[in-house]
Amino acid sequence: MRHTRLALVSVLSTLALGAVAMPVAAQSSASAELINGLNGKLLYVGVPITILVEAILIYTVMKFRNNDDPTPTQENRRLEITWTVATALILLFVGVASYGVLANENITYQPQAENAAGEAVNGEQQKPVVVRAEAYQWGWEMSYPEAGNFTNGNTMVVPEDRPVVIRTTSRDVIHGFHVPKMALKQDSMPGQVNSIKTVPYETGSYQGYCTQFCGVAHSQMYFTVDVVSQDEYQQWLDTQQKNADSS
Ligand code: CUA
């Protein structure tokens, strides 16, 4: 028993050390950072529990496999209190960690907050860039209601390191706005506007999908989110607004 316990402790501590030493990959957006961070924290808890339970199971099966004279389990108050307290602590950790992420506005966005003074990113106070993402059978129309209301087909262009609010809706049936790499997902409903917010951290082109089965061309309902530098974004915005004015 002593050896088993020792082996168990060393396996668990090696794993815990490994998890702490694991490098955290750069995240593409504030939302992705929060979600992947929570996933990592829950893995610290989930993986050791899985290994502990499996180890006890295998140990028990091996040890008692040929027992001709089984004795009933004895009450063990200390053991029962231990696992009750341990479970309560683990659930408390899971609850607090999850609540911290769910309550963040980059995960659950309250549109009322939009009219506030803006948000500090890297110490700077910034008003969010607002993009409207309107879904239809079968495509997307991205428009900029607070920057001249021009439209840009199924490509959304947003600046990095600035808060971005996406207001999504639908012209016909229910669609789903989803950019997996940026951890963005929201229902696009007819007659309703749903908002999500994030801060893109990495420039690049991100593939977006429709996630509600919406008819024959559902699988082709792609869109793109281009995250560009703030200067590039300003240039692009100026060109778009000039084109909109002259037409
Ligand atoms: Cu739109 Cu599926």
Side-chain angles (χ1 to χ4, degrees), residues 25 27-39 42 98 101-114 128-160 162-228 232-233 236-237 239-241 243-244 247:
Q27 301 292 339
S28 61
S29 74
S31 318
E33 187 174 64
L34 287 161
I35 292 174
N36 295 337
L38 176 62
N39 191 41
L42 295 185
S98 306
V101 169
L102 287 172
N104 189 291
E105 63 165 2
N106 287 306
I107 300 295
T108 307
Y109 180 61
Q110 307 292 336
Q112 303 92 281
E114 216 174 280
V129 170
V130 178
V131 187
R132 183 181 161 93
E134 189 170 304
Y136 58 89
Q137 287 170 311
W138 289 274
W140 297 85
E141 188 175 86
M142 307 301 181
S143 59
Y144 291 71
E146 297 187 1
N149 215 17
F150 63 86
T151 60
N152 201 50
N154 58 12
T155 303
M156 175 184 293
V157 181
V158 287
E160 69 172 333
R162 268 189 70 179
V164 174
V165 168
I166 297 155
R167 295 188 197 145
T168 187
T169 185
S170 167
R171 254 177 239 173
D172 36 51
V173 299
I174 301 175
H175 301 271
F177 178 97
H178 186 31
V179 189
K181 285 226 170 107
M182 298 178 80
L184 298 175
K185 197 171 189 192
Q186 184 59 277
D187 292 333
S188 307
M189 316 275 282
Q192 187 180 324
V193 177
N194 291 337
S195 299
I196 36 173
K197 187 194 152 286
T198 194
V199 182
Y201 286 157
E202 291 249 313
T203 57
S205 195
Y206 299 88
Q207 173 88 66
Y209 305 84
C210 173
T211 48
Q212 287 291 336
F213 181 66
C214 55
V216 285
H218 157 71
S219 61
Q220 272 103 62
M221 228 181 118
Y222 298 124
F223 60 95
T224 309
V225 176
D226 282 336
V227 178
V228 297
E232 256 176 278
Y233 176 73
W236 176 83
L237 200 62
T239 316
Q240 296 299 317
Q241 287 171 336
N243 290 347
S247 63

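Numbers here simply count residues along the sequence, with the first being 1. Remember, it's 1-based here, ligands and their atoms both numbered in the order they're listed.
- Below the 2.8 Å limit, atom 1 (Cu) of ligand 1 has as protein N, O or S neighbours His175 ND1, Cys210 SG, Cys214 SG, Met221 SD.
- The side-chain hydrogen bond (donor to acceptor under 3.5 Å, both in side chains) check on Glu232 picks up Ser229, with sequence neighbours excluded.
- The salt bridge (charged side-chain N to carboxylate O under 4.0 Å, His left out) search around Glu134 returns Arg132, Arg171, not counting sequence neighbours.
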Under 3.5 Å, sequence neighbours excluded: what are the donor-acceptor pairs made by side chains of residues 175-182?
| residue | atom | partner | partner atom | Å |
| --- | --- | --- | --- | --- |
| His175 | NE2 | Asp172 | OD1 | 2.8 |
| His178 | ND1 | Leu184 | O | 2.9 |

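- Judged by distance alone, the side chains of Ser170 and Ser188 never bring a donor and an acceptor atom under 3.5 Å apart.
- Taking the six-membered ring where the residue is Trp, Tyr233 and Tyr144 present tilted rings, their angle falling between 30° and 60°.
- Side chains of Ser143 and Thr151: no donor on one and acceptor on the other come within 3.5 Å.
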